[in-house]
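This structure is a prediction, so every number in the text was calculated from the model and none was measured. Here, residue 1 is the first one in the sequence, and each next residue gets the next number.
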Amino acid sequence: MTQATARHILVDSEAKCEELKKAIEGGQDFAEVAKQHSSCPSGRNGGELGSFGPGQMVPEFDKAVFSSELNTVIGPVKTQFGYHLLEVTSRT
């Protein structure tokens with residue numbers, strides 16, 4: 001079964017998500033931005049979500065994780081939890 005590891009940043013607005021994406025693309029560290037801004041408990045760990053397979057996350061998140069390029073900041077991805085920036089760090 002396919003597995004992925006990813007990290008994410010969860011915020012409550014698309015505008016904030018876009019702002020953080022620009023900061024990361026401008027050179028800020030993804031993990032540090034996650035620690036400072038993510039409303040998800042994973043933010044304390046730099047946004048790390050660990051390893052998971054298809055169907056273990058909400059559909060919008062799942063689709064982005066299993067179809068995006070590795071090590072690229074993806075988003076905003078809107079789910080019922082808010083707006084996510086995500087980065088897939090591996091997929092097998």
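- Taking the side chain as every heavy atom from C-beta outward, Val88 and Ile74 never approach each other to under 4.5 Å.
- Two residues are said to be in side-chain contact when any heavy atoms from C-beta on lie closer than 4.5 Å; Arg7 and Leu49 fail this criterion.
- Within 6.0 Å of atom CD in Glu25, more than 12 heavy atoms from other residues, nucleotides or ligands are found, so the atom counts as buried in its surroundings.
- The list of side-chain hydrogen bond (donor to acceptor under 3.5 Å, both in side chains) pairs with a residue in residues 26-42, not counting sequence neighbours, reads His8-Ser42.
- In this structure the side chain of Pro76 never reaches within 4.5 angstrom of the side chain of His84, judged on heavy atoms.
- Residues Thr89 and Asn71 approach most closely at CA-OD1, 3.7 Å, considering heavy atoms.
- Scanning both residues, Ser68 and Ala64, for their nearest heavy atoms gives OG-O, 2.9 Å.
- Under a 4.5 Å side-chain heavy-atom cut-off, the cluster of Ile, Leu, Val, Met, Phe, Trp and Tyr residues that includes Leu85 is completed by Ile9, Val11, Leu20, Ile24, Phe30, Val33, Val73, Tyr83.
- Rounding to the nearest 0.5 angstrom, the gap separating the CZ atom in Phe61 from the CZ atom in Phe66 is 9.5 Å.
- Legend: side-chain hydrogen bond (donor to acceptor under 3.5 Å, both in side chains) pairs involving residues 46-62, not counting sequence neighbours, sorted by first then second residue: Gln3-Ser51.
- Taking the side chain as every heavy atom from C-beta outward, Lys16 and Glu19 approach each other to under 4.5 Å.
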